[in-house]
Amino acid sequence: MSTAPDTTDTSSAKPGPRGGPAQQKLPLLALLALATAVFVTSLTETLPAGLLPAMSADLGVGESAAGQTVTVHAIGTALTAIPLTAATAAWRRKRLLLAAMGGFALANTVTALSSVYELTMAARFLAGVAAGLAWALLAGYARRMAPVHLQGKAIAVAMAGIPVALALGVPAGTFLGDALGWRVAFLAMTGLTVLLLLWIVAAVPDFPGQGRGDRPRMLRTLWIPGVSPVLFVTLVFVLAHTVLYAYIAAYLDDLGLGGSTGLVLLAFGAASLASIWITGVLIHDRLRGLTVAGALLVAVAAALLAVASDTAALVYAAAVLWGLGWGGIPTLLQTAVGDAGGESADAAQAMLVTLWNAAMAAGGLVGGLLLDTFGSTSFPWTVLLLLLPVIAVVLYSRGAGFPARRVSGSR
């Protein structure tokens with residue numbers, strides 16, 4: 001999620017040695033570096049999910065305690081995204097990106113080497129702080145690299161790291177952890193991040209931060225037309241997704257498909273990649289329609305799981321629909337809040353990052369309560385219930401937030 005403000009009209013900016021040149025095509029090498037940064041942030045957050053038994057054994061704690069390494073990461077992001085975004089608003093964007101990625105390298109190294117649970121938790125909190133900086137920067141960075149008519153595609157390229165991390169990164173990290181130990185998986189993340197730092201230095205253009213007089217006040221941003229609806233949709237949609245995704249292994253195990261979790265997630269991830277491509281092609285003129293379609297597809301997937309989950313083929317069909325609906329949502333919501341926020345896009349995006357991670361943490365908590373109280377069959381029905389207000393708000397916010405037609409030159 002992005003907070004880099006685009007106060008300069010990138011479509012008319014002149015090329016410069018330190019600023020991003022105005023181009024009529026996408027700077028793919030730089031955007032792929034950002035996509036790799038998104039991959040690193042997403043995988044760092046979710047990697048422990050596939051390594052919990054080994055981590056808990058090494059750290060001398062139960063699996064539920066080891067699972068809190070994911071929760072504390074989300075808490076670190078939610079608590080620090082807004083204040084750190086404000087504190088670093090004047091920093092040049094490349095310097096800030098390098099600092100965030102350096103934080104990931106340090107956090108993953110400490111996690112890999114630590115044999116003390118409390119130190120591991122501190123390292124995971126640091127990773128969450130770095131994620132807050134990164135997510136508050138990356139999508140806006142991608143926007144500023146591209147001409148106006150390609151900004152949606154630029155964000156879609158950068159955000160491709162999310163489904164790649166979920167579909168390929170987590171299974172690969174789990175396999176590496178099983179084969180060589182969970183610590184090697186985290187050290188591999190450090191190695192990848194070091195290579196990424198060199199890539200950023202070599203290929204990613206720099207942009208200035210904000211002047212003191214340009215910095216918006218966070219709370220005032222909520223009153224900008226369109227910002228609050230996008231933030232509400234973010235909170236509830238991410239909550240709905242996380243309730244099911246965080247406990248998909250338990251859900252599939254109850255269906256007798258526990259051994260197929262990896263394949264189901266692979267189907268979800270592949271469909272998510274297709275969704276990101278579709279979003280990149282259509283987002284400039286179809287942001288509202290794509291958001292509604294995404295919510296409806298996830299709702300249909302949840303309905304399939306709710307009423308026809310006894311058939312493996314239908315479970316896979318639901319996973320594909322779920323991926324098609326969800327894959328483009330990060331890009332769509334970041335673009336929507338950036339458009340709505342205007343000159344206060346940095347503040348709006350920082351709020352989006354905070355709510356996103358708060359929803360992830362809440363999704364884990366709510367999912368756990370549902371599992372203990374009603375069983376895993378309650379997950380699809382909960383997703384359906386939560387998506388009803390999401391669809392209603394998107395449809396209602398046709399004037400601002402999710403306009404029927406985006407204004408030409410929207411940031």
Side-chain angles (χ1 to χ4, degrees), residues 1-11 13 15-23 25-42 77 81 84-104 130-148 150-162 193 196-210 214-215 276 280 283 330-339 341-350 352-353 356 410-411:
M1 332 294 144
S2 141
T3 70
D6 195 1
T7 54
T8 301
D9 181 359
T10 56
S11 64
R18 294 184 61 80
Q23 307 180 58
K25 60 182 182 179
L26 292 178
L28 284 178
L29 188 61
L31 287 173
L32 289 175
L34 297 191
T36 305
V38 171
F39 175 86
V40 168
T41 59
S42 299
T77 301
L84 282 181
T85 296
T88 59
W91 288 30
R92 296 194 67 87
R93 301 295 93 181
K94 190 169 182 175
R95 175 188 174 194
L96 187 58
L97 179 59
L98 289 170
M101 292 299 104
F104 278 108
L133 273 176
W135 281 119
L137 171 68
L138 287 166
Y141 214 144
R143 292 171 73 101
R144 297 178 77 178
M145 288 183 191
V148 170
L150 293 177
Q151 286 176 351
K153 290 184 179 180
I155 296 176
V157 172
M159 292 303 105
I162 297 175
T193 307
L196 174 60
L197 288 168
L198 298 175
W199 188 353
I200 292 170
V201 169
V204 175
D206 194 9
F207 295 96
Q210 288 181 293
D214 297 328
R215 301 178 199 177
I276 283 185
I283 188 173
T331 300
L332 292 165
L333 294 177
Q334 289 169 39
T335 303
V337 85
D339 287 352
E343 296 303 319
S344 298
D346 57 341
Q349 297 274 17
L352 186 145
V353 171
W356 189 289
S410 287
R411 300 173 347 61

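Quick caveat: nothing in here was measured; it's all calculated off a predicted structure.
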### Query
Nearest heavy-atom pair of K94 and D206: which atoms, and what distance?
N-OD1, 3.0 Å

#### Entry: Which atom of A146 lies closest to which atom of A154, heavy atoms considered
CB-CB, 3.7 Å

### Query
How many angstroms lie between CG in L97 and CG in L137, if you round to the nearest 0.5 Å?
5.5 Å

### Query
So, for A142 and L34, which heavy atoms are closest and what is the spacing to 0.1 Å?
N-CD1, 3.7 Å

### Sequence-distant partners of A203, side chain to side chain contact (heavy atoms under 4.5 Å, CB included), two or more places apart
L29, W199

### Task
List the steps, then state whether side-chain contact (heavy atoms from CB on, under 4.5 Å) holds for I200 with T36.
CA-CA 10 Å; I200 292 170; T36 305; over 6 Å; no

### Task
For R93 and P208, work out which heavy atoms get closest and say how close.
CG-O, 3.9 Å

### Query
Would you say Y141's side chain and P205's backbone share a donor-acceptor pair under 3.5 angstrom?
yes

### Query
Where the side chain of T335 meets the backbone of L332, is there a donor-acceptor pair that is under 3.5 Å apart?
no

### Task
Apply side chain to side chain contact (heavy atoms under 4.5 Å, CB included) to A37 and list each qualifying residue two or more places apart in sequence or on a separate chain.
M101, L138, L196

### Message
According to side chain to side chain contact (heavy atoms under 4.5 Å, CB included), who are the partners of A336, at least two apart in sequence or on a separate chain?
### Response
V230, L287, F402

### Task
With rounding to the nearest 0.5 Å, note down the distance linking CG in L98 to CH2 in W91.
10.5 Å

### Query
Minimum heavy-atom separation for A33 to V204, with atom names?
CB-CG2, 3.7 Å

### Message
Testing the basics here: between P330 and W356, what is the closest heavy-atom pair and its distance to 0.1 Å?
### Response
CG-CH2, 3.6 Å

